[in-house]
Amino acid sequence: MKIIDILNQDQMSLSFEVFPPKKESSFESVRVATEQIAALKPAFMSVTYGAGGGTSEYTLAVAKNIKDKYNVPMLAHLTCVSSDKATIQQRIRDMKANGITNVMALRGDLTPELEQSDRSKWDYRYAVELIRELKEETDFCIGAACYPEVHPESPSQREDIRRLKEKVDAGVDFLTTQMVFDNNLFYNFLYKLREAGITVPVLPGIMPITNANQVERAIRLSGAFMPQRFRAMVDKFGSDPAAMKQAGIAYATDQIIDLYANGITNVHVYSMNKPDVAEGIHRNLSDILGNSFLD
Ligand code: FAD
């Protein structure tokens, strides 16, 4: 099923993101965790892609396993900046062969080696180039990334949104945001996107922070703003793992309820291979999502 058809239904939806194993020996534990999340029957699940190789070969294996066993629509991430054309072409063929028709088309982060290499030799410099290729060669449903707090390499939000519009015009069906901990940043961003003529569905990305160690990494990777309410929660409960987990689930649930209450129908949760966290959020929201979640 195409994810855009799910997003266009007039009902609330929740989707979960998982990541593939880094090595063969952890495939089994990832399989078990992702299957437990799939058993919750989310609207769809996404599987990330390791930009510099590494986990990339397992993205499709995880996606196919869940699709075949649980019939949950799957979104496979694909990054292009560290790949050549032949590799990307092979990944596209692999997706088709495995019945994966939804792709999150990304550039990928610039590693220090990439930063120092000759850009004129790269086959792909921006996600828009991958999106154009996918649009020409497939009928995949295409998602792309966006940044309520501005992509770190962008000189300004205006420029970032202008580049985002180019991606959408190239054929993106929907957008998912970088993690946000303050919904007001998302609402403000959405308003600016609509003003810029970007009309596709935009899914806020919610990251449940359930242990204090995640905080620093989350800020480093995303540059996300931590509201005072959030920092107070980490200060108070960060040293007590069980309390922090419960508080993190409650905070994410609260954000999602606020989003639904304000008319945002589709929310994406960075569930990070943590079935207990996904289950906690699911349990908290089951009466709100009602049958739409369980169908
Ligand atoms: P782009 O859209 O190419 O944008 C990158 C930068 O270039 C931006 O500053 C943009 O404004 C600018 N830009 C875009 N086009 C042009 C142009 N034509 N000329 C000049 N400037 C331009 N990383 C992974 O490795 N694996 C994953 O699975 C993964 N999943 C992600 C999922 C989501 C929802 C998000 C938000 C991010 C994800 N990332 C993932 C991280 C992502 O790869 C990085 O944020 C990366 O730095 C940018 O990727 P992009 O696709 O947004 O790039």
Side-chain angles (χ1 to χ4, degrees), residues 3 7 15-22 44-60 62-63 74-83 88 91 95 100 102-112 114-115 119-120 122-134 142-180 185-186 189 192-193 196 198 200-207 217-218 220-224 266-273:
I3 284 168
L7 301 180
S15 49
F16 290 124
E17 183 156 304
V18 295
F19 55 81
K22 285 201 169 53
F44 70 88
M45 281 171 69
S46 63
V47 190
T48 62
Y49 185 97
T55 62
S56 61
E57 63 193 275
Y58 299 117
T59 297
L60 214 48
V62 171
M74 294 307 296
L75 172 67
H77 291 205
L78 181 63
T79 67
C80 59
V81 73
S82 57
S83 294
I88 292 294
R91 297 286 183 225
M95 280 190 204
I100 302 292
N102 301 293
V103 61
M104 176 60 93
L106 300 148
R107 186 197 68 177
D109 279 324
L110 300 181
T111 59
L114 274 171
E115 294 261 27
R119 290 184 188 216
S120 67
W122 298 358
D123 281 356
Y124 304 90
R125 285 176 306 156
Y126 300 106
V128 69
E129 294 155 21
L130 174 62
I131 291 160
R132 291 193 182 116
E133 192 169 330
L134 285 162
I142 304 175
C146 61
Y147 303 85
E149 297 174 68
V150 186
H151 185 267
E153 289 162 41
S154 190
S156 67
Q157 186 165 58
R158 183 185 291 267
E159 176 66 5
D160 209 21
I161 292 178
R162 191 172 77 79
R163 294 304 184 181
L164 184 62
K165 176 94 168 42
E166 286 174 0
K167 290 203 284 194
V168 174
D169 290 346
V172 164
D173 295 291
F174 69 95
L175 297 165
T176 306
T177 74
Q178 180 61 282
M179 61 186 83
V180 278
L185 291 169
F186 173 77
F189 179 62
K192 288 179 179 165
L193 296 195
I198 295 174
V200 296
V202 183
L203 282 70
I206 301 300
M207 167 75 99
R217 186 175 147 77
R220 186 164 38 82
L221 291 180
S222 68
N266 305 295
V267 177
H268 192 60
V269 176
Y270 294 114
S271 53
M272 307 283 289
N273 297 7

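Order of listing sets the numbers, starting from 1, for every ligand and every atom in it.
With values rounded to the nearest 0.5 angstrom, H151 atom NE2 is found 13.0 Å from E159 atom CD. Note: L110 CG to R119 CZ = 5.5 Å, rounded to the nearest 0.5 Å.
Residue G108 places a heavy atom under 4.0 Å from ligand 1. Using a non-hydrogen distance threshold of 4.0 Å, F19 does not register as a contact of ligand 1.
Close contacts of ligand 1 with T176, meaning ligand atoms under 4.0 Å from a residue heavy atom, involve 34 (C). If you number the atoms of ligand 1 from 1 as listed, the ones under 4.0 Å from a heavy atom of Y49 come out as 24 (C), 25 (O), 26 (N), 27 (C), 28 (O). For ligand 1, the atoms lying closer than 4.0 Å to a non-hydrogen atom of T48 are 28 (O). Taking a cut-off of under 4.0 Å to the non-hydrogen atoms of Q178, the atoms of ligand 1 that pass are 36 (C). With ligand atoms numbered from 1 in the order given, ligand 1 contributes 8 (C), 9 (O), 10 (C), 11 (O) to contacts under 4.0 Å with heavy atoms of D160. Interface of Y270 with ligand 1, defined as ligand atoms under 4.0 Å from a residue heavy atom, comprises 34 (C). Of all atoms in ligand 1, listed by their number and element, those nearer than 4.0 Å to a heavy atom of T79 are 24 (C), 25 (O), 26 (N).
For the residue pair Y126 and R163, no side-chain donor N or O sits within less than 3.5 Å of a side-chain acceptor on the partner.
The closest donor-acceptor contact from the side chain of T177 to the backbone of Y147 lies at 3.5 Å or more, if one exists at all.
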Item to check | Step-by-step side chain to side chain contact (heavy atoms under 4.5 Å, CB included) determination, L175 to L193 | outcome: CA-CA 11 Å; L175 297 165; L193 296 195; 4.3 Å; yes
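Inclusion of R107 in the set of residues having an N or O under 3.5 Å from an N or O of ligand 1 is warranted. Taking only nitrogen or oxygen atoms, main chain and side chain alike, H151 reaches within less than 3.5 Å of ligand 1. By the 3.5 Å distance cut-off applied to N or O atoms, A105 is not counted among the residues near ligand 1.
By the side chain to side chain donor-acceptor pair (under 3.5 Å) test, E133 pairs with K85, Q89, Y124, sequence neighbours left out.
With a 4.5 Å cut-off on side-chain heavy atoms, F189 and Q157 count as touching.
Closest approach of A127 to C80, counting heavy atoms only: CA-SG, 4.4 Å. The two residues E166 and V128 come nearest to each other via the heavy atoms O-CG2, 3.9 Å.
Contact annotation: for R125 versus ligand 1, there are no heavy atoms closer than 4.0 Å.
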